[in-house]
Amino acid sequence: MKKENISDAVIRRLPRYYRQLTDLCARGVVRISSHSLGQEMNITASQIRQDFSCFGEFGQQGYGYNVEELRAEIGHILGVDNDHHLIMIGVGNLGHALLQNFPFSQTGFTVDAAFDIAPQLSGAVINGVPVYPMTQLDDFVRSHSVDVVVLTIPQSVAQDTATRLIDLGIRGFWNFTNMELSSTCPDVKFENIHFADSLLTLSYRIANR
């Protein structure tokens with residue numbers, strides 16, 4: 001059974017486990033110990049066992065983990081089998097690149113539509129995803145089940161757009177606007193992506209080798 005109050009650090013390690021287990025499956029690995037998995041991921045075996053214990057009992061003592069079964073369990077915890085529905089706001093360079101190249105379906109998301117203010121983009125289809133004008137956004141959200149909105153829009157309109165969507169019932173945002181968005185609704189979740197943070201982390205590491 002899932003425990004309460006799981007730390008954000010544990011939650012953020014789950015996708016790493018899923019990615020590593022997917023790679024192990026592709027390599028034909030059938031079973032693996034927590035020690036070997038830890039070596040693959042540069043995480044201690046005790047940390048792995050502690051993380052997994054937050055969600056139940058996985059593996060058998062003396063046998064380790066069945067890689068395919070563990071991958072399925074972690075995927076279920078992450079919700080990759082829930083078929084979440086997603087739309088994108090902003091089809092500029094970044095939005096277009098995500099639609100064209102990011103494997104949304106492999107992470108359990110179906111991209112139903114994209115929206116942009118540029119008239120020349122209206123009616124376009126990018127990698128099977130139709131692009132609509134922003135004037136149709138409210139009606140689309142009201143008539144479709146949308147779990148997550150990807151925001152790849154300018155900072156100047158980011159918060160107002162998010163607030164507009166929250167008022168329409170959206171509760172999940174993958175935010176690429178490079179600013180922290182907020183809401184007074186406790187059930188609204190933001191995943192804020194800051195590319196500069198990652199690059200500056202690398203800068204620190206190479207400056208302090």
Side-chain angles (χ1 to χ4, degrees), residues 1-86 94 97-98 100-111 147-148 150-152 171-178 180-181 186-209:
M1 295 294 291
K2 184 177 177 180
K3 296 182 179 178
E4 299 296 325
N5 301 319
I6 296 170
S7 74
D8 189 64
V10 173
I11 294 169
R12 291 192 178 278
R13 278 192 291 271
L14 289 178
R16 288 189 60 199
Y17 292 130
Y18 187 74
R19 175 161 39 89
Q20 187 64 49
L21 291 163
T22 299
D23 178 66
L24 289 168
C25 283
R27 284 154 50 189
V29 178
V30 176
R31 67 185 178 99
I32 193 168
S33 66
S34 55
H35 176 73
S36 296
L37 183 58
Q39 287 184 320
E40 293 259 356
M41 300 180 62
N42 196 28
I43 299 175
T44 65
S46 61
Q47 181 68 72
I48 290 172
R49 290 192 294 269
Q50 183 177 333
D51 288 351
F52 290 170
S53 71
C54 294
F55 304 95
E57 295 298 326
F58 304 112
Q60 301 173 19
Q61 190 167 0
Y63 175 86
Y65 304 104
N66 180 293
V67 173
E68 188 173 349
E69 290 179 1
L70 182 59
R71 177 184 178 275
E73 290 284 357
I74 299 299
H76 180 68
I77 291 166
L78 287 168
V80 299
D81 48 3
N82 288 347
D83 189 26
H84 300 296
H85 287 262
L86 173 153
L94 177 56
L98 286 170
Q100 194 67 50
N101 300 293
F102 188 82
F104 287 98
S105 61
Q106 294 178 24
T107 52
F109 286 87
T110 297
V111 186
D147 301 296
V148 169
V150 182
L151 293 176
T152 53
R171 293 296 179 263
F173 293 87
W174 201 22
N175 171 31
F176 287 88
T177 66
N178 203 38
E180 298 290 320
L181 299 178
D187 58 337
V188 173
K189 306 301 179 185
F190 296 100
E191 183 65 23
N192 298 301
I193 308 301
H194 295 281
F195 291 122
D197 289 6
S198 180
L199 188 58
L200 288 170
T201 299
L202 177 61
S203 175
Y204 171 84
R205 287 174 174 166
I206 61 177
N208 294 274
R209 283 179 291 199

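Since we're looking at a predicted model, the values are computed, not measured.
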Exercise for review: Could you check if a side-chain atom of Asn175 sits within less than 4.5 angstrom of a side-chain atom of Glu191, using non-hydrogen atoms only?
Suggested key: no
Practice item. Test Thr152 against Thr177 for side chain to side chain contact (heavy atoms under 4.5 Å, CB included), laying out the working first. Key: CA-CA 6 Å; Thr152 53; Thr177 66; over 6 Å; no
Exercise for review: Please report the closest heavy-atom contact between Arg71 and Tyr18, naming both atoms and the distance.
Suggested key: NH2-OH, 3.1 Å
Check your understanding: Are any of the side-chain heavy atoms of Trp174 and Asn192 separated by less than 4.5 Å?
Key -> no
Exercise for review: Determine whether Ile6 and Phe55 make a side-chain contact, defined as any pair of heavy atoms from C-beta on separated by less than 4.5 Å.
Suggested key: yes
Check your understanding: Can a salt bridge be assigned to the pair Arg31 and Glu69 using a cut-off of 4.0 Å between side-chain N and carboxylate O?
Key -> no
Point to revise | Parallel, tilted or perpendicular: ring planes of Phe52 versus Phe58, cut at 30 and 60 degrees | key: perpendicular
Check your understanding: Salt bridge or not for Arg16 and Glu40, using N-O below 4.0 Å?
Key -> no
Check your understanding: With a 4.5 Å limit on heavy-atom distance, are the side chains of Thr110 and Ser105 in contact?
Key -> no
**Study point:** Where Val29 and Val67 come nearest, the two heavy atoms and their spacing
**Key:** O-CB, 3.5 Å
Point to revise | Sequence neighbours excluded - side chain to side chain donor-acceptor pair (under 3.5 Å) pairs with any residue from residues 193-208 | key: Asn178-His194, Glu180-His194
Practice item. Could you go through the side chain to side chain contact (heavy atoms under 4.5 Å, CB included) check for Phe104 and Leu86 one step at a time? Key: CA-CA 9 Å; Phe104 287 98; Leu86 173 153; 3.9 Å; yes
Review point. Which heavy atom in Tyr17 sits nearest to a heavy atom in Gln47, and how many Å separate them?
Key: OH-O, 4.2 Å
Check your understanding: What is the distance from atom CG of Leu37 to atom CD1 of Ile32, rounded to the nearest 0.5 Å?
Key -> 5.0 Å
Point to revise | salt bridge (charged side-chain N to carboxylate O under 4.0 Å, His left out) assessment of Arg12 paired with Asp8 | key: CA-CA 6 Å; Arg12 291 192 178 278; Asp8 189 64; 2.9 Å; yes
**Study point:** Derivation of the side chain to side chain donor-acceptor pair (under 3.5 Å) call for Asp147 and His85
**Key:** CA-CA 5 Å; Asp147 301 296; His85 287 262; 5.7 Å; no
Check your understanding: Rounded to the nearest 0.5 Å, how far apart are OG of Ser53 and CD1 of Ile48?
Key -> 12.0 Å
**Study point:** Criterion side chain to side chain contact (heavy atoms under 4.5 Å, CB included) on Ser34 and Tyr65, from CA distance to verdict
**Key:** CA-CA 8 Å; Ser34 55; Tyr65 304 104; 3.8 Å; yes
Exercise for review: Using side chain to side chain donor-acceptor pair (under 3.5 Å) as the criterion, list what pairs up with Thr107, not counting sequence neighbours.
Suggested key: none
Practice item. Only pairs at least two apart or in different chains count here, so list each salt bridge (Lys or Arg N to Asp or Glu O under 4.0 Å) that has a residue in residues 43-56. Key: Arg13-Asp51
Check your understanding: Quick one: does Asn82's side chain have a donor or acceptor within less than 3.5 Å of a partner on His84's backbone?
Key -> no
Exercise for review: Kindly determine whether Leu181 and Leu151 satisfy side chain to side chain contact (heavy atoms under 4.5 Å, CB included), including the steps that lead there.
Suggested key: CA-CA 11 Å; Leu181 299 178; Leu151 293 176; 3.6 Å; yes
Check your understanding: Quick one: do Asp23 and Arg19 make a salt bridge, cutoff under 4.0 Å?
Key -> no
Practice item. Measure the shortest side-chain to side-chain distance between Glu68 and Asn66 over non-hydrogen atoms and say whether it is less than 4.5 angstrom. Key: yes
Check your understanding: Which heavy-atom pair separates Leu94 from Phe176 by the least distance, and what is that distance?
Key -> CD2-CB, 3.8 Å
